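Reviewing the structure listed below.
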Number of protein chains: 2
Amino acid sequence: MQRKKAPKEALRWDDVRLFLALCRARTVGEAGRTLGVDSSTVSRRLNALEEALATTLFDRNHEGLSATKAAEDLRPVAEETEEAMLRFARAADGLEREVSGLVRIACPPDVANVVVTPLLRELFTRHPALRVEIAPGEAVIDLTRREADLALRTVRPAQGDLVVTRLTSVRWVLVAAVELAQGLGTLRAWDDAPWVSWGARLSMVGAAKWLEAHAKVEPVLRSDSLMVQIAAASAGVGVTLVPEPSAAHYGLVPVRLAPSLRAAAASWPTDELFLVTQRALRGVPRVAAVWDLLRERAAGRTAR
Amino acid sequence: MQRKKAPKEALRWDDVRLFLALCRARTVGEAGRTLGVDSSTVSRRLNALEEALATTLFDRNHEGLSATKAAEDLRPVAEETEEAMLRFARAADGLEREVSGLVRIACPPDVANVVVTPLLRELFTRHPALRVEIAPGEAVIDLTRREADLALRTVRPAQGDLVVTRLTSVRWVLVAAVELAQGLGTLRAWDDAPWVSWGARLSMVGAAKWLEAHAKVEPVLRSDSLMVQIAAASAGVGVTLVPEPSAAHYGLVPVRLAPSLRAAAASWPTDELFLVTQRALRGVPRVAAVWDLLRERAAGRTAR
DNA sequence: GTGTAGCGTTGCACTAATGCAACGTAAGAA
DNA sequence: TTCTTACGTTGCATTAGTGCAACGCTACAC
């Protein structure tokens, strides 16, 4: 007597699909074909289902299948289930294809140029109906006012019903145009070089604070725009602190430092780059498409 | 660029169950607990589902899950699906527990005694609420008139909306009571022994036809009841042809035959035993219980 | 700071599910 | 009869799915 001890097996939802296919097919093989599996699999799963329900659903003989009364009683309920399942699939498909329309991205200008712009080609290849608007600016755009769908920020936002993910962290480096860096050689004192730095309005920026704290130099140029600083540095106006990826992107090279300066350089700021959107927008396909691509392509391990 | 080539993956119905559990849980682990699987499994299957739907359903961070707009749109449809699935499970459960009531079995008397009766103890152990009525008789009971739920027959019924399965095949053997068999020794001619055989009414029975064709003997006793024949043989009245299992059951032993008789003996009839019921009754649990036990216990390989 | 706890994810060994091919049975054709 | 065909089932090698344990990340307590 080798009876089963555990009829505790939960009903697997896929078994209802199997059951329906069997109701509609005249043979096990035919049911398997509609399900895309082998007839042996159908046979075994039917046996398991019957054991789980402690009922015989179909009689099998050399002519194929014949439904028992139990199966015929169950069939209408199973078909309701299938209709609901089809509605679900249709709803899911409906969501899926809406990757079109305009996505507005707010981000710092350098991030726009260095991070976002290089990804646009791939984004449009993936989703031809997608359109993008980049709103660059140092100021913090208020997402809750719907000025943008997506924001890239260097500070983690706290308030609001927002979804936040950290993309990467970037170190800042002291760079200059190639000729100036060569002309300077190894920097022995901070004021041995002309500096380009931040204006009064954004003096709370990490780089500005570092300059204030560690290298009390008087910049030859101040600007609240990082892009202006980069342009000035590129023109050989002076040295400046910029995020490493931006330096590489614009052909600025690191300035060599004498050992005496390296301790202070160790506390150069580190930016973290956060991707932010409103919770309600997170699942909207056109937004999700950009979100996912940024996570996939722009995310990096923490630089320690 | 290792993108997926095949988003052709069909939606598995169980994934909707997973999706619902995730909607209701605040964490992956909680969803896994309600589903009875590990959190790692939930994590992987969610990733697969999102890839299949090409949609992000949940954002995951250190606090757990948060549903995206897509997930919230899908949730009501998924819950309808679940309700239908629960109705199915309830219907299946309802069927399952009805193994009780009376099952009427029509069969030849020897089959009743030899095959059915020995199984009753196990049947009642399995299904204590079950009751059985055995209607023994040589005549063919008409199942379509609902005189019986189940029939055991030696001829395959052709007409009607019946379900038929062959249980086993049995050879007939020439037997006698122990003392008579010893007294006879090896039989050299058919009429060296007194015969017990069928009456006129059932002369079409295989054994009667054989006797007519091969051994033109005049029986000392005729009866249309196999049970009477067996009783007579047991009392030492004569030799008779009976199905092999019945002979063993009633302590009758084979009569030894001289080589000259063996050729004719080779064409002793072979009965097949068929289990029959109406299609509509096949799935009724109390009937299915008996059907299944008979198939399981009484079915044998073909005796060739 | 530094540790701790909770979350989702990943590596790996293992189990269950699957496909393929061979089998046993039954009905009809030659 | 024998052969053929179609059916469901079973054995076995392979694959996909799973659980456990370790990991990385984040927040919070200290």
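All values derive from a computational prediction rather than experimental measurement. Letters go in sequence order (proteins before strands), and every chain restarts at 1.
The phosphate of C/dA26 (OP1 or OP2) has a side-chain N or O of B/R166 nearer than 4.0 angstrom. A sub-4.0 Å separation between OP1 or OP2 of D/dG17 and a side-chain N or O of B/R12 is present. Residue B/H62 places at least one side-chain N or O closer than 4.0 Å to OP1 or OP2 of D/dA27.
Here the side chains of A/D271 and A/S169 are not in contact, with every heavy-atom distance at 4.5 Å or above. Side-chain contact between B/W210 and B/W172 is absent, with no heavy-atom pair separated by less than 4.5 Å.
There is no side-chain donor-acceptor pair under 3.5 Å between A/D59 and A/T68. Inspection of the A/R166 and B/N61 side chains reveals no N or O donor paired with an N or O acceptor under 3.5 Å. With no hydrogens or angles considered, a side-chain donor-acceptor pair links A/R44 and A/S40 at under 3.5 Å.
For the pair B/N47 CG and D/dA16 P, the computed distance is 18 Å after rounding to whole Å. Atom pair A/L49:CG and C/dA17:P shows a separation of 13 Å (rounding to whole Å applied). In this structure, CG of A/L46 is placed 15 Å from P of C/dA17, rounded to the nearest angstrom. Between the CG atom of B/D15 and the P atom of D/dT18 there is a distance of 10 Å, rounded to whole Å. For the pair B/R60 CZ and D/dC25 C1', the interatomic distance rounds to 15 Å; values are reported in whole Å.
Salt bridge present: A/E79 and A/R24 bring a charged side-chain N and a carboxylate O closer than 4.0 Å.
Checking side-chain atoms of A/Q278 against main-chain N and O of A/L150 turns up no donor-acceptor pair under 3.5 Å. In this structure a side-chain-to-backbone donor-acceptor pair under 3.5 Å is present from B/E50 to B/L57.
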field: Evaluation steps, salt bridge (charged side-chain N to carboxylate O under 4.0 Å, His left out), between A/E72 and B/R282
entry: CA-CA 11 Å; A/E72 278 166 10; B/R282 172 62 184 87; over 6 Å; no
query: B/D15 and B/R12: salt bridge (charged side-chain N to carboxylate O under 4.0 Å, His left out), yes or no, with the steps?
result: CA-CA 5 Å; B/D15 286 339; B/R12 293 187 313 183; 3.6 Å; yes
message: Does B/R286 form a salt bridge (charged side-chain N to carboxylate O under 4.0 Å, His left out) with B/D149? I'd like the steps, not just the answer.
response: CA-CA 10 Å; B/R286 66 177 206 282; B/D149 301 308; 3.5 Å; yes
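Contacts with DNA chain C (heavy atom under 4.0 Å) in residues 19-37 of chain B: B/T27, B/V28, B/G29, listed by number. Within residues 38-45 of chain A, the residues having any heavy atom closer than 4.0 Å to DNA chain C are, in order of number, A/D38, A/S40, A/T41, A/R44, A/R45.
Taking the C1' atoms of five terminal pairs at each end of the helix from C/dG1-D/dC30 to C/dA30-D/dT1, the two resulting helix axes are inclined by 10°, rounded to 10°.
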